[in-house]
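Both backbone and side-chain heavy atoms feed into the values below; hydrogens, waters and symmetry mates do not.
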Amino acid sequence: MASPLVQVYTMQSVDEALAVAALGVHHVGVTPSSCGLPGEISIDLAGEICRAMTGHATSVALSVESDQQPIVKMVRLVQPDIVHLCGPEGSLDPDSVAALRTHLPDTPIMQAVAVTGPGAVDVARSFAPVVDYLILDSVSEDIGGVGAAGTVHDWTISAAIVDAVDVPVILAGGLSPDNVAAAIAAVRPWAVDSLTHTNRPRPDGGFRKDLGEVERFVSAVRGGSW
């Protein structure tokens, strides 16, 4: 199989998003929020970035909301190519996600699955019929929702999910240029995702994307086909 696709979160400007896309990133992620999430940006800036990705990369916007109405509002304002649902575990069940589709019929849905134990396989199976993508991620007690933990989870569970479902699976959770090839070999995902380990921290506590690390990540993924 060819190398997996690459998804990178979370863009801080239009120029940064264009630079990341030029390095070969397929999915460019934004975090339109005011919840205190890592790398969050305004709705307006997220919309600018998503519009700028046309012809360059697929835009993805995440939501940690537990109710349908704010998710629908965000998607209609930001207009991403894909909406990434990563609210707290159990906040939106498969029936709720299926209902969300009626309000967003033209927006593919990426559902986060918290890989915290073997039960994640059943969770993934339950969501697979109602979403377009699954993203397998880690969880931090310090961050709302699933993801942005910067830590690796049990790849054997992720591999079992890949084998159990028929939708594209994106592997996330602590991936870096140094471990992504091993992750690809172990899990065989459709795509891989990076946030924390392709960041350059700023003195104010925020970050910008480290384009050198993004380039290393893309190169490692291209060398890690299965």
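Side-chain contact, Asp44 with Ser42: no donor N or O sits under 3.5 Å from an acceptor N or O. In summary, the side chains of Thr196 and Asn199 do not present any donor paired with an acceptor at a separation below 3.5 Å, with no hydrogens or angles considered.
Distance check: Ser34 OG to Ile43 CD1 gives 8.0 Å after rounding to the nearest 0.5 Å. Here CD1 of Ile82 is found 10.0 Å from OG1 of Thr107. Values are rounded to the nearest 0.5 Å. Taken to the nearest 0.5 Å, the OG atom of Ser158 stands 4.5 Å off from the CG atom of Leu136. The distance from the CG atom of Asp15 to the CZ atom of Arg208 is 11.0 Å, given to the nearest 0.5 Å. Here the CG atom belonging to Leu92 is positioned 9.5 Å from the CD1 atom belonging to Ile109, to the nearest 0.5 angstrom.
In this structure, Met110 and Leu134 have side chains that are not in contact, with every pair of non-hydrogen atoms separated by 4.5 Å or more. Residues Asp210 and Val214 have side chains not in contact (no heavy-atom distance under 4.5 Å, counting atoms from C-beta outward). With contacts defined as side-chain heavy-atom distances shorter than 4.5 Å, the pair Gln7/Ile135 qualifies. Between Ile71 and Leu85, the closest side-chain pair of non-hydrogen atoms falls below 4.5 Å. Looking only at side-chain heavy atoms (C-beta outward), Val30 and Ile49 come within less than 4.5 Å of each other. Using a 4.5 Å cut-off on side-chain heavy atoms (C-beta onward), Val83 and Met74 make contact. By the 4.5 Å heavy-atom criterion applied to side chains, Phe127 and Gln111 are counted as neighbours. In this structure, the side chains of Cys50 and Gln79 stay at 4.5 Å or more apart for every pair of heavy atoms.
Heavy atoms only, all atoms of each residue included: His103 and Val72 are closest at CB-CG2, 3.7 Å. Nearest heavy atom pair, residue Ser176 against residue Phe217, reads C-CD1, 3.6 Å. Taking all atoms of both residues into account, the shortest heavy-atom contact from Ala186 to Trp155 is CB-CE3, 4.0 Å. What you find for Ala21 and Ala57 is that their closest heavy atoms are CB-CB, 4.0 Å. Across His197 and Pro177, no two heavy atoms sit closer than the pair O-CD, 4.2 Å. Among all heavy-atom pairs drawn from Gln12 and Ile41, the shortest one is NE2-CG2, 4.0 Å.
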Exercise. Given His153 and Thr116, is the side-chain contact (heavy atoms from CB on, under 4.5 Å) satisfied, shown in steps?
Worked result: CA-CA 7 Å; His153 54 254; Thr116 55; over 6 Å; no
For this session: Would you please test Thr156 and Asp154 for side-chain hydrogen bond (donor to acceptor under 3.5 Å, both in side chains) and show each step?
Result: CA-CA 5 Å; Thr156 63; Asp154 188 340; 2.5 Å; yes
For this session: Dump the intermediate steps for side-chain contact (heavy atoms from CB on, under 4.5 Å) on Leu18 and Met53, then the final yes or no.
Result: CA-CA 7 Å; Leu18 289 169; Met53 289 300 93; 3.7 Å; yes
For this session: Dump the intermediate steps for salt bridge (Lys or Arg N to Asp or Glu O under 4.0 Å) on Arg216 and Asp178, then the final yes or no.
Result: CA-CA 9 Å; Arg216 285 186 62 219; Asp178 299 318; 2.7 Å; yes
For this session: Kindly indicate, with the supporting measurements, whether the criterion side-chain contact (heavy atoms from CB on, under 4.5 Å) is fulfilled by Ser59 and Val28.
Result: CA-CA 5 Å; Ser59 60; Val28 172; 5.7 Å; no
Exercise. When you look at Val115 and Asp137, which way does the side-chain contact (heavy atoms from CB on, under 4.5 Å) test go after all the steps?
Worked result: CA-CA 6 Å; Val115 184; Asp137 218 332; over 6 Å; no
Exercise. Can Ser33 and Glu40 be said to form a side-chain hydrogen bond (donor to acceptor under 3.5 Å, both in side chains), step by step?
Worked result: CA-CA 5 Å; Ser33 174; Glu40 68 182 16; 3.2 Å; yes
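More than 12 heavy atoms of other residues, nucleotides or ligands shown are found within 6.0 angstrom of CG on Asp122.
The backbone N or O of Ala19 sits nowhere less than 3.5 Å from a side-chain atom of Lys209 that would complete a donor-acceptor pair. Looking only at distances, no side-chain donor or acceptor of Asp67 sits under 3.5 Å from a matching main-chain atom of Gln69. For Asp193 (side chain) and Leu171 (main-chain N/O), no donor-acceptor pair under 3.5 Å exists by modelled atom type. Asn179 places a side-chain N or O within 3.5 Å of a backbone atom of Gly174 that can act as its donor or acceptor partner. Between the side chain of Glu215 and the backbone N or O of Leu211 there is no donor-acceptor pair closer than 3.5 Å. Of the possible polar contacts, one joining the Thr10 side chain to the Thr31 backbone as a donor-acceptor pair under 3.5 Å is found.
Looking at Val187, Val8, Val221, Val218 one by one, the single match for side-chain contact (heavy atoms from CB on, under 4.5 Å) with Val192 turns out to be Val221. When each of Asp132, Thr58, Val60, Val131 is tested with Pro108 by the rule side-chain contact (heavy atoms from CB on, under 4.5 Å), just one qualifies, namely Asp132.
Contact check on Glu48 versus Arg51 returns no salt bridge, with no Lys/Arg side-chain nitrogen under 4.0 Å from an Asp/Glu carboxylate oxygen. Looking at Arg188 and Asp163, a side-chain N of the basic residue comes within less than 4.0 Å of a carboxylate O on the acidic one, giving a salt bridge.
With sequence neighbours left out, Tyr9 forms a ring-ring contact (aromatic ring centres under 6.0 Å, His included) with His84.
The aromatic rings of His27 and Tyr133 sit perpendicular, their planes meeting at an angle over 60°, well past the 30° parallel limit.
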